[in-house]
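Structure first, then comments.
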Amino acid sequence: MADMNWPKQGTAAVLGATPDRIDGIAKATGAAKYTYDITPDKMLLARALGCPHGHCQITAIDVSPALQVPGVVAARALKNVGAQVNWEGDLVAVVVGETEGAVAEGLKEIKFAFNPLDVWVDDSDLAGAEKAGRTQGAGDNTKLDNKDIKKPEEQDAEFKRLLDECKKDGAVVEGEYGIHVITHMCLEPHGSTCEWEGDKLTAHLSTQNVSGTAGQFATPLQIAATDVTVHCDYVGGGFGSKFGADSWGVVCAQLAKETGRPVKLMLDRDLELKNAGTRPSGFIQVKIGANKEGVVQVWDSKHWGTSGIQGGPVTQGVIPYVFDPPNRRRKSIGINTNAAGARAWRAPNHPQACAITQVAYDDIARALGIDSYDVFLRNLPTVTNNKAEVYKAEMEIAAKLMDWRKKWHPHGKGPAKGSVVTGLGMAIHTWGGAPHSSTCTVKIHPDGAVETFLGSQDLGTGTRTVIAMVVAETLGLPVDAISVNIGSSKYPTSGSSGGSTTVGGVSESNRRGATDALNLLLAKVAPKLDAQPEDLEAVKGRIQVKGNTAKGLSWKEACGLLGMTPIEVQGNFQRGVTQTNLSSNGVAGVQMAEVAVDRETGVVKMLKFVAVQDMGLIINRKLAASQIYGAVIMGIAAALYEERIMDPTTGKFLNAELADYKLPRLGDTGQIVVELYEPESEYNRGVVGLGEPPVIAPPAAIANAVCNALGVRVGTLPMTPKRVLDAIAKAK
Amino acid sequence: MKNFEYAVPRTEAEALGLLSREWGETEILAGGTDLVGLMKKMIVTPDRVVNIKEIPTLRGVSETADGILIGAVTPLDEVLDSPLLDDFPAVKQAIRGISSIQLQAQGTIGGELCQRPQCWYYRNGGGLLADRGKLVASGDNRYHAIFNNSGPAKFVHPSRLAPALIALGAAVRVIGPKQDQESLVPLAEFYRVPRDDNQRETVLAPSQLVTHVYVPWLNLHSATYEVRHGEGPDYPLAAAAAALEISGGVVREARIVLGHVAPTPLVSGDARNALVGRSVDANTAESAGAAAVAHATPLSHNGYKAQLAKTAVKRAILLAAGLETGGF
Amino acid sequence: MKDQEHQNGKSGFNRRDFLRGSGAAAAATALATAPQLAFAQAADDKKVVRDQTTITLNVNGGDHKVIVEPRTTLLEAIRYQLKLTGAKPVSPDGVAGAATVLVDGKAMNADTLLALECAGKKVRTVESLGGEKPDAVPAAFVHNDAQQCGFCTPGFVVAVRAFLNAHPQATEAEIRHGLNGNICRCGTYANVIQAAMEVVKGGSK
């Protein structure tokens, strides 16, 4: 019998190798079809109209003039007169037509009028939000080393005492930090192409949730979920924002039904940003006290932020981030702003928490004149995930790759070359990354062909390649011998791609399915080889007696014994139910940044970035490294470039086009060094998700590097030239 | 996009015949990198689009008796690659600053000079002046003007080549409105501040057309320095071009032009005065930078731009003089 | 001949004139005295296109008839009529570079070009770099994993192809400066640099 467990480290044939993506060339030459690319015959184009004001009551809405425009086929209002609209860009109407031009003209003809209501979009101004009645308590939590102190006023006194003690011997920093709202900015916007055949709907949906969206169409359309097929071969970015069919997906299906033709409705770039995904902001006031070694003794903070109209801040559970000092008080406040609701953004809560709290730890280093590395090191005993040893090992590797000890200087005390100063910063992170539930069907055909089916998707991690590698490893075949089928809700159910769960999930189901399928095959082959199935192995394209290449059959010969009927097996993994040695959860991760800052312009330039990351067992080292490179670059974006900017009067999202929404370009990213940390202890844990963790620490690490360079804390991210210059001016 | 008539004149005369007398009715298509996006967003909705790229005389870089002539539809990358412009580094540096090979290949020099403001209130449908400037004044103006912003126009002129060309004493040849009319407009006098949403940012009439850019050979030391947030085609936060006439180590004449700080490219007499008669070094450049922004009038969120403009002036001067600029 | 003269710079262009500012004065006068130009003047001119028309686009080496309106972009025409969907619509303003195609050999954004402008030009899309034996650039993208979600990738591939055509011996510093017209959200830039460098060095072996 084939062993379900992963092969021992160093013995795998395929795992840990670096094969190219199996769908790579299709994607790189335009052959891969994304939702936006699906163009059935007779397809109509639909576009939505966004409300022009951030908060208003609709006084008129009439789509009939749009129908007069040549080429417009249908139009519908999505809201009624009297309805209140809570954010600019909320979809109020849709026009369907033959060409993009006709639809644009139709949208222009829609009569829409409104009475403006009060707008609040400023999420950094807590006092103003309170005055405007836009705040709500979102919880607080206090932990004192002395558990006997329970009354609030006694706790106040205790925090004061603890801070005073730190002031005497160590240092206290009172800091204000923040990070603004950013968007998901999927380059393929949200949307679908919907086509009906009778009462059966096929929704080509740009989604990270192939198996979980059919029902989201069915219920509002009042059809059975069995009559819906969600299809998505390729998705142009999701980052946590594409789990739903979304209201406009349902509208698209309705319009396809109404017009009797396939309809494509993809959000315009600006509507995409206004509706389909933002990450909550985080702003904090903190008093942090440490002893003279830099070990933090007390943390007392109040933080706030917005998740849009619901008004939730960063969850208080991750404040301060990763570290949990013996005395800690945290209070959180949500600000209700006229903006669409936030969506899960790659590692929800973590990047912001890291960015607004590990900067305070670095400010302790600054206050004490201690190397930041040592402050992080000395606080490792308080990490919340029992990974102090992993962090320590990763810190040592990162420091070597960065040449930290040689380059580091006390904050603001480095050599200046004219107006340019350089600095180092670091931060650490954590994430779960347990696999999602996943079911697959593995088939071995009598001609030797192997295929697997599952309702998964490839967000960009290389899902197909990972699956092919796992099945190939299991069956002793080359990667290109495996045919991988994902992207249809009619395939066996696999989880949505969110929270770094996919590689683990699909590896679980496919390892299980392929092992079971192989065992059926071994049972067929064993008599032929005068052996017991448990004595056989599948290696290098052969089924053979273990270790005996002379006594075996080629894979093809072996499969020929199946006669006319393929083997078909389901691989099944249920999170929290299935016992497993194949996967685990929980990672650490250490990152270091080196920046140059031009004090005269406030421009920050990335010089070097080092990311050391554990992820249990690594399936494909090339794909894993890509995830980290990409995450670091996304982190650079949040650290230095991107933020949502809103007009205080009208609530307009001012920079919702890419011309205004700043993102790093190829030339902005400096040198990035990625180190995959996979000692045997990590390998033996099995697969742990990687997508989220490396995106968490970059903003904090870069903010700390900028502070180290300048000797001045730029409190709010992104650290634009304006904020850097303002911080320098304020410090003078 | 609203539909429109599409016209492809082959001569200047044909082009003039196709242009309307009213703003908004016709638009001139050169590279289209700005216009097409504006039309898609229905910010600009012409009845006719006149593609001037097929007029052969409007393309190319050539030498004249006392300068260089650049056809208005000459792509920026051809300008960049032209050896005829090797002695005008300010122009080449400005084009290099647009670090997108697509925009350099598609964009034209005439279009670059005539592009519309990048102001996000305008681009979001708020009108050119955004409610006579009120939206800008009370809103987010971090990228807006720090000079000449007391009137309704508070945007910054987006051209990245104009400061360099103005500093170099360039002029544009303008034809129309009548068939045989032509004039040579110094680029320094080409831009103006619109007073209402229906005016434009240049002295052109709707039925006039920029056909050529003329850069005189004045033997100047020139440079453009842009302060950019990052790489890519995004506009600089502030920029300056310097053209210096230096002899015997002393600045005899100078033209310092600031970009992205005012509704027009801004010639700074104060910066000039701080330079003329002095030798160029870090101190004079610094004082010229300080002089350039001494009278800035920032809005609520863009005070930092004065520092950027000051630095841009200083560094453009140093770069023009072949000295270390500082910075990265 | 007037144009010819201007090409030679013999008429109207001398520095005395512009230094005196006489040009501006002339322009101002012209503004004041502009005569009414009949807008419909060219209505019958064959050079004006209204409404739908059939044109021929030369794409990837072949001539293709497409039906376009003046407002139809090149991107719309190739995606919806020629079903060449490699070039992607990402932003209406072309700053993302996702719709990059080669027009007469130069990288341009198909989303800010009108289809009508491209009649008579040679358009090449990313699809022309694929097929049985893919071009070295997409091959290097795959080998260096310079793609994640892949939505920006075709545009990036075309941009790299154009850039390396012009700079076959590009250094890493030149690549870092020269390929900033494309946005990738997944963050594949580091891999794109590697891919481009690999092509410079002769491709993946």
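To find a chain, count down the sequence lines: A is the first, B the second, and so on, and within it residues start at 1.
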Residue [X] versus chain C: region with a heavy atom under 4.5 Å:
X	answer
A659(A)	both
Q457(A)	neither
M43(A)	side chain
Y629(A)	both
A656(A)	neither
L663(A)	side chain
A637(A)	side chain

Is any residue of [range] within less than 4.5 Å of chain A by heavy atoms, and which ones?
range	result
residues 122-135 of chain C	V126(C), E127(C), L129(C), G130(C), P134(C)
residues 63-81 of chain C	E69(C), R71(C), E76(C), R79(C), Y80(C)
residues 153-161 of chain C	T153(C), P154(C), F156(C), V157(C)
residues 87-105 of chain C	K88(C), P89(C), V90(C), S91(C), P92(C), D93(C), V95(C), A96(C)

Looking at [atom1] of [X] and [atom2] of [Y], how far apart are the two atoms once the value is rounded to the nearest 0.5 Å?
X	Y	atom1	atom2	answer
R185(C)	E188(A)	CZ	CD	15.5 Å
D145(C)	Q627(A)	CG	CD	9.0 Å
T18(A)	H143(C)	OG1	NE2	7.0 Å
L459(A)	C186(C)	CG	SG	8.5 Å
Q147(C)	D20(A)	CD	CG	9.5 Å
F151(C)	D37(A)	CZ	CG	6.0 Å

Sort out for me which of [options] touches chain C most, counting heavy-atom pairs under 4.5 Å.
options	value
T461(A), D458(A), L45(A)	L45(A)
I672(A), I38(A), V235(A)	V235(A)
M634(A), E100(A), E272(A), M266(A)	E100(A)
S626(A), P664(A), G667(A), A631(A)	S626(A)

Q: Could you walk me through whether N182(C) and L666(A) pass side-chain contact (heavy atoms from CB on, under 4.5 Å), step by step?
A: CA-CA 8 Å; N182(C) 295 69; L666(A) 182 139; over 6 Å; no

**Q.** Atom NZ of K83(C) with >12 non-hydrogen neighbours under 6.0 angstrom
**A.** yes

Q.
Among G178(C), C152(C), A190(C), which residue has the highest count of heavy-atom pairs closer than 4.5 Å to chain A?
A. A190(C)

Q) What option among V137(C), L84(C), I193(C), N144(C) has the most heavy-atom pairs under 4.5 Å with chain A? A) I193(C)

[X] side chain to [Y] main-chain N or O, any donor-acceptor pair under 3.5 Å?
X	Y	answer
Y34(A)	G150(C)	yes
K27(A)	V142(C)	no
R176(C)	G670(A)	yes

Q: Given side-chain contact (heavy atoms from CB on, under 4.5 Å), test Y234(A) with C149(C) step by step and report yes or no.
A: CA-CA 8 Å; Y234(A) 296 95; C149(C) 87; over 6 Å; no

